[in-house]
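Below: the structure, in structure tokens.
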Amino acid sequence: TVLKDSDSVTVQGWMVKELGLRGSSLLIYAIIYGCSQNGKDDYHAGYRYLAEFAGIRIDSAMNVTRKLVEAGLLTKEVEEINNTIIPHFKAVRRG
């Protein structure tokens, strides 16, 4: 498991009201927003962590992030390290 007992996420009202997010999309967006809200950093801990936190399968977490990217709520860049592709996400606040 990658999720620690001390891990937490903050869901802000505007994420629901302005962006209309719910369920796993809301949790995943909030996790990525928390990692990237300073504008410099990004989320790069992988899909497994997102899936575990949201209580969904890894392929579902990949699908949710893809949809959030398509909706313009996340940006995605990839990095290759030792033949492994690491996705890097940043949250975009719009509304």
Side-chain angles (χ1 to χ4, degrees):
T1 183
V2 294
L3 185 63
K4 296 176 182 69
D5 288 346
S6 60
D7 287 352
S8 63
V9 63
T10 300
V11 174
Q12 298 185 23
W14 59 266
M15 295 175 182
V16 176
K17 288 183 168 189
E18 292 177 24
L19 304 181
L21 296 173
R22 303 271 188 276
S24 57
S25 294
L26 175 60
L27 282 174
I28 288 173
Y29 180 86
I31 292 165
I32 295 171
Y33 179 80
C35 295
S36 64
Q37 65 184 329
N38 68 6
K40 297 177 188 174
D41 297 320
D42 60 27
Y43 172 85
H44 54 273
Y47 295 108
R48 183 175 173 202
Y49 182 84
L50 295 174
E52 190 171 351
F53 210 109
I56 58 177
R57 297 184 344 217
I58 292 174
D59 61 332
S60 296
M62 294 172 77
N63 191 40
V64 167
T65 55
R66 181 184 53 78
K67 288 180 180 178
L68 290 169
V69 168
E70 289 173 356
L73 297 176
L74 297 179
T75 61
K76 178 183 178 183
E77 294 183 17
V78 294
E79 174 184 23
E80 185 175 342
I81 300 174
N82 297 327
N83 296 321
T84 301
I85 301 296
I86 309 295
H88 289 257
F89 293 102
K90 287 186 179 184
V92 177
R93 182 174 178 182
R94 66 170 183 85

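Numbers here simply count residues along the sequence, with the first being 1.
The backbone N or O of T84 lies less than 3.5 Å from no partner atom in the side chain of N82, so there is not a single donor-acceptor pair. Judged purely by atom type and a 3.5 angstrom limit, S36 has no side-chain atom pairing as donor or acceptor with the backbone of Y43.
Under the 4.5 Å side-chain heavy-atom criterion for grouping Ile, Leu, Val, Met, Phe, Trp and Tyr, V16 is connected to F53 within one hydrophobic cluster. Both W14 and I32 belong to a single network of hydrophobic side chains, linked directly or stepwise wherever heavy atoms of I, L, V, M, F, W or Y lie under 4.5 Å apart.
Under the side-chain contact (heavy atoms from CB on, under 4.5 Å) test applied with F89, the options L73, T65, T75 reduce to a single match, T65.
Across all non-hydrogen atoms, the minimal contact from L68 to S25 is CD1-O, 4.0 Å. Of all heavy-atom pairs between S24 and I56, the closest is CB-CD1, 4.0 Å. Residues K90 and K40 come closest through the heavy atom pair NZ-O, 3.7 Å. The two residues D42 and H44 have their closest heavy-atom pair at OD1-ND1, 2.8 Å. Of all heavy-atom pairs between P87 and V78, the closest is CA-CG1, 4.3 Å. Closest approach of A61 to L50, counting heavy atoms only: CB-CB, 4.3 Å.
Contact annotation: the side chain of C35 never approaches that of D41 to less than 4.5 Å [non-hydrogen atoms, C-beta and beyond]. A 4.5 Å side-chain heavy-atom check between R93 and E18 finds at least one atom pair inside the cut-off.
Shown here are the salt bridge (charged side-chain N to carboxylate O under 4.0 Å, His left out) partners of E70, two or more places apart in sequence or in another chain: R66. With sequence neighbours excluded, the residues forming a side-chain hydrogen bond (donor to acceptor under 3.5 Å, both in side chains) with K76 are Y47, listed by chain and number. Judged as a side chain to side chain contact (heavy atoms under 4.5 Å, CB included), and not counting sequence neighbours, the contacts of D59 are R57.
When the shell of 6.0 Å around CD of E77 is examined, it contains 12 or fewer heavy atoms from other residues, nucleotides or ligands.
Aromatic ring orientation, Y29 versus Y33: parallel (interplanar angle below 30°, classes split at 30° and 60°).
Of the inter-residue distances, the one linking L26 atom CG with I31 atom CD1 reads 9.5 Å to the nearest 0.5 angstrom.
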